[in-house]
*Asks:* 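Below is one structure. I have some questions about it.
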Amino acid sequence: MHTLKAIDNYIYNKEGDIVLRLTSNTIFAGMHTRFANQYSYFEIWCLQSQHCNVETSSRTFNLHQGDILIFSQNDDKEIITSDSNAMFLVLQIDADTFNAFMPYSSLLDAYSFFTSHSEYFDNRIVGSNPIAQAIRNQMSTISEDFATKKQGYEISVLRTCLDIILIIAGNTNYCDIKIEKKNNDANIKLHKSLKKAFDYIDSHLTDELTLEKISTIAELSPNYLSNIFREHTGIRLWDYIIEKRIRLATQLLIESPTDSVISVALKCGFNNCPNFNRAFKKYTGQTPKRYKTSILRQEDAQ
């Protein structure tokens with residue numbers, strides 16, 4: 001007997017299919033539970049309780065708190081608990097929808113990655129391994145994003161999910177090393193460069209940002225960064241920055257309704273009101289002043 005409970009929310013594509021989900025899975029003491037491939041996901045299991053035994057089609061593991069199990073979509077998952085209840089935090093990813101939905105999917109052969117793994121990979125990463133710690137940290141980040149649901153959290157969840165995939169691809173023998181290592185190394189290097197660009201933008205969103213500065217941080221040429229950014233995200237670099245700044249502005253207009261429009265504009269990295277007004281209306285359909293007025297009216301109505 002077991003309970004499988006979704007944590008907070010799912011992420012969907014436009015067709016309503018599940019891309020990924022985070023679940024809490026409790027398997028009760030002494031029970032034998034088989035997870036059929038009826039619901040076929042790529043799955044990462046993190047043991048949160050003290051101990052349990054896990055049996056796959058090839059071997060049995062004696063697991064301890066913090067250990068990580070990774071299952072491809074085609075792996076059999078058979079769980080046998082110890083004399084205490086076993087609690088797992090589980091990240092589930094659907095190959096088809098993730099590969100179609102995630103803009104970075106071209107960085108690796110995502111479908112092949114999710115559906116099978118190297119014969120040398122035995123599913124487990126022990127909890128004391130720094131790779132297991134890195135995966136646990138990323139799963140905690142996803143859990144926090146689901147819980148807080150800050151504006152744009154979906155993008156954050158997908159990016160963190162990709163980080164986990166690349167940690168596995170670059171630091172374990174999950175993939176067929178002989179065939180895929182060279183491509184993975186190049187893909188991981190490119191992803192790290194893009195991640196540096198994202199992180200710098202996110203941490204300097206209210207500062208003056210230039211393509212030259214961002215490309216220096218990413219260790220790519222300006223033209224190459226612009227091209228690769230658009231190829232893997234579907235939007236231009238500067239459009240991404242403007243969109244992030246407008247999201248910040250909508251939060252500030254809600255959290256600090258007494259601030260003037262120009263004050264909010266300056267706090268979000270805009271140097272004048274006309275540019276701020278045009279960008280704000282483009283992304284929200286309203287001017288900042290009208291948006292703030294509508295928010296205040298909603299609050300008064302409540």
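Just so it is clear, the structure is predicted and the values come from calculations on it, not from any experiment.
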*Asks:* Using modelled atom types only, decide if a donor and an acceptor are shared between the side chain of Ser256 and the backbone of Thr258 within a distance under 3.5 Å.
*Replies:*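 Not confirmed, Ser256 side chain does not pair with Thr258 backbone.
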
*Asks:* Got a sec, which residues hit side-chain contact (heavy atoms from CB on, under 4.5 Å) with Ser226, two or more places apart in sequence or on another chain?
*Replies:*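 Expected list: Leu211.
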
*Asks:* Taking salt bridge (Lys or Arg N to Asp or Glu O under 4.0 Å) as the definition, give me every residue that meets it alongside Asp239, ordered by chain and number, with sequence neighbours left out.
*Replies:*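 For Asp239 the salt bridge (Lys or Arg N to Asp or Glu O under 4.0 Å) partners, ignoring immediate neighbours, are Arg236.
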
*Asks:* Mind checking whether Phe114 and Ile165 have side chains closer than 4.5 Å, heavy atoms only?
*Replies:*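 Yes - at least one pair of side-chain heavy atoms lies under 4.5 Å apart.
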
*Asks:* Run the side-chain hydrogen bond (donor to acceptor under 3.5 Å, both in side chains) test against Ser215 and tell me which residues pass, sequence neighbours left out.
*Replies:*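 Residues passing side-chain hydrogen bond (donor to acceptor under 3.5 Å, both in side chains) with Ser215: none at all.
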
*Asks:* Between Leu158 and Leu162, is any pair of side-chain heavy atoms under 4.5 Å apart?
*Replies:*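 With C-beta onward as the side chain, the pair stays apart.
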
*Asks:* Is the shortest side-chain heavy-atom distance between Asp94 and Gln73 below 4.5 Å?
*Replies:*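 In contact.
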
*Asks:* Would you say Leu252 and Ile262 are hydrophobically clustered, going by side-chain heavy atoms of ILVMFWY under 4.5 Å?
*Replies:*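 Per the 4.5 Å side-chain linkage, Leu252 and Ile262 are not co-clustered.
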
*Asks:* Kindly give the heavy-atom pair with the smallest separation between Phe121 and Ile70, and that separation in Å.
*Replies:*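 Closest heavy-atom pair between Phe121 and Ile70: CE2-O, 3.7 Å.
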
*Asks:* Partners of Glu243 by side-chain contact (heavy atoms from CB on, under 4.5 Å), sequence neighbours excluded?
*Replies:*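 Here the qualifying residues are Ile235, Arg247, Tyr283.
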
*Asks:* Going by side-chain hydrogen bond (donor to acceptor under 3.5 Å, both in side chains), name the residues that satisfy it together with Glu212, two or more places apart in sequence or in a different chain.
*Replies:*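 Glu212 satisfies side-chain hydrogen bond (donor to acceptor under 3.5 Å, both in side chains) with no residue once adjacent residues are dropped.
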
*Asks:* Hey, is Asp163 close enough to Arg159 for a salt bridge, meaning N to O under 4.0 Å?
*Replies:*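 Salt bridge: no.
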
*Asks:* State whether the side chain of Asn129 and the backbone N or O of Ile125 hold a donor-acceptor pair below 3.5 Å, judged by distance alone.
*Replies:*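 A pair under 3.5 Å: no.
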
*Asks:* Heavy-atom distance under 4.5 Å between the side chains of Leu237 and Ile201, does that happen here?
*Replies:*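 SC-SC contact between Leu237 and Ile201 confirmed.
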
*Asks:* Passes side chain to side chain contact (heavy atoms under 4.5 Å, CB included), Phe280 versus Leu253? Steps please.
*Replies:* CA-CA 12 Å; Phe280 195 95; Leu253 288 170; 3.7 Å; yes

*Asks:* Who pairs with Tyr240 by ring-ring contact (aromatic ring centres under 6.0 Å, His included), at least two apart in sequence or on another chain?
*Replies:*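 Phe198, Phe229.
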
*Asks:* So, Asp75 versus His117: side-chain donor-acceptor pair below 3.5 Å or not?
*Replies:*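 Side-chain D/A pair, Asp75 to His117: present.
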
*Asks:* Looking only at side-chain N and O atoms, does Thr287 offer a donor or acceptor that is under 3.5 Å from a partner on Asn277?
*Replies:*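 There is no such pair between these side chains.
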
*Asks:* For Asn137, what residues pass the side-chain hydrogen bond (donor to acceptor under 3.5 Å, both in side chains) criterion, not counting sequence neighbours?
*Replies:*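 So Asn137 forms a side-chain hydrogen bond (donor to acceptor under 3.5 Å, both in side chains) with Gln133.
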
*Asks:* Less than 4.0 Å between a side-chain N and a carboxylate O, is that true for Arg136 and Asp67?
*Replies:*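 No.
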
*Asks:* Under the rule for side-chain hydrogen bond (donor to acceptor under 3.5 Å, both in side chains), what residues qualify as partners of Lys196, not counting sequence neighbours?
*Replies:*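 side-chain hydrogen bond (donor to acceptor under 3.5 Å, both in side chains) list for Lys196, sorted by chain: Glu219.
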
*Asks:* Mind running side-chain hydrogen bond (donor to acceptor under 3.5 Å, both in side chains) on Asn74 and Thr115 for me, showing each step along the way?
*Replies:* CA-CA 6 Å; Asn74 293 327; Thr115 54; 4.7 Å; no

*Asks:* How many angstroms lie between atom CG of Leu225 and atom CG of Leu194, to the nearest 0.5 angstrom?
*Replies:*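 One finds 7.0 Å between CG of Leu225 and CG of Leu194.
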
*Asks:* In the structure I gave you, are the side-chain heavy atoms of Ile68 and Ile131 within less than 4.5 Å of one another anywhere?
*Replies:*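 Heavy-atom side-chain distance check fails, nothing below 4.5 Å.
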
*Asks:* Find the distance between NZ (Lys281) and NZ (Lys289) and round it off to the nearest 0.5 Å.
*Replies:*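 Taking NZ in Lys281 and NZ in Lys289, the distance rounds to 13.5 Å.
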
*Asks:* Please tell me if the side chains of Pro288 and Phe276 come closer than 4.5 Å, counting only heavy atoms from C-beta onward.
*Replies:*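 Yes, their side chains come closer than 4.5 Å.
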
*Asks:* Partners of Met139 by side-chain contact (heavy atoms from CB on, under 4.5 Å), sequence neighbours excluded?
*Replies:*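 Per chain and number, Met139 pairs via side-chain contact (heavy atoms from CB on, under 4.5 Å) with Leu22, Ile44, Cys46, Leu89, Leu91, Ile135, Ile164.
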
*Asks:* Any chance you could measure Glu144, atom CD, to Thr148, atom OG1, to the nearest 0.5 Å?
*Replies:*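 The OG1 atom of Thr148 is 7.5 Å from CD of Glu144, to the nearest 0.5 Å.
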
*Asks:* What ring-ring contact (aromatic ring centres under 6.0 Å, His included) pairs are there with at least one residue in residues 200-219, not counting sequence neighbours?
*Replies:*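 Qualifying pairs, neighbours excluded: Tyr200-His204.
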
*Asks:* Throw together a table of side-chain donor-acceptor distances under 3.5 angstrom for residues 263-272, partners on residues two or more places apart or in other chains.
*Replies:*
residue : atom : partner : partner atom : Å
Lys267  : NZ   : Asp259  : OD2          : 2.8
Asn272  : OD1  : Asn275  : N            : 2.9
Asn272  : OD1  : Asn275  : ND2          : 3.4

*Asks:* Side-chain contact test, heavy atoms from C-beta onward, threshold under 4.5 Å: evaluate it for Leu209 versus Arg245 and give yes or no.
*Replies:*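 Yes, side chains in contact.
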
*Asks:* Roughly how far apart are Phe71 CZ and Phe42 CZ, rounded to 0.5 Å?
*Replies:*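 It is 10.5 Å, given to the nearest 0.5 Å.
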
*Asks:* I would like to know whether Val126 and His64 meet side chain to side chain contact (heavy atoms under 4.5 Å, CB included); could you show each step before the answer?
*Replies:* CA-CA 8 Å; Val126 296; His64 297 276; over 6 Å; no

*Asks:* Do you reckon Met87 sits in the same ILVMFWY cluster as Leu69, going by side-chain contacts under 4.5 Å, direct or chained?
*Replies:*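 The answer is no; the residues belong to distinct hydrophobic clusters.
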
*Asks:* With sequence neighbours left out, write down each residue that passes side-chain contact (heavy atoms from CB on, under 4.5 Å) with Thr216, or none if nothing qualifies.
*Replies:*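 Thr216 satisfies side-chain contact (heavy atoms from CB on, under 4.5 Å) with no residue once adjacent residues are dropped.
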
*Asks:* Measure the spacing between OH of Tyr41 and OG of Ser72 and express it to the nearest 0.5 Å.
*Replies:*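 The distance works out to 15.0 Å.
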
*Asks:* Indicate the ring-plane relationship of Phe113 and Tyr174, choosing parallel, tilted or perpendicular according to the 30° and 60° boundaries.
*Replies:*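 It falls in the tilted class, 30° to 60°.
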
*Asks:* Going from CG on Leu20 to CD on Glu43, what distance comes out if it is rounded to the nearest 0.5 angstrom?
*Replies:*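 Going from CG on Leu20 over to CD on Glu43, the span is 12.5 Å.
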
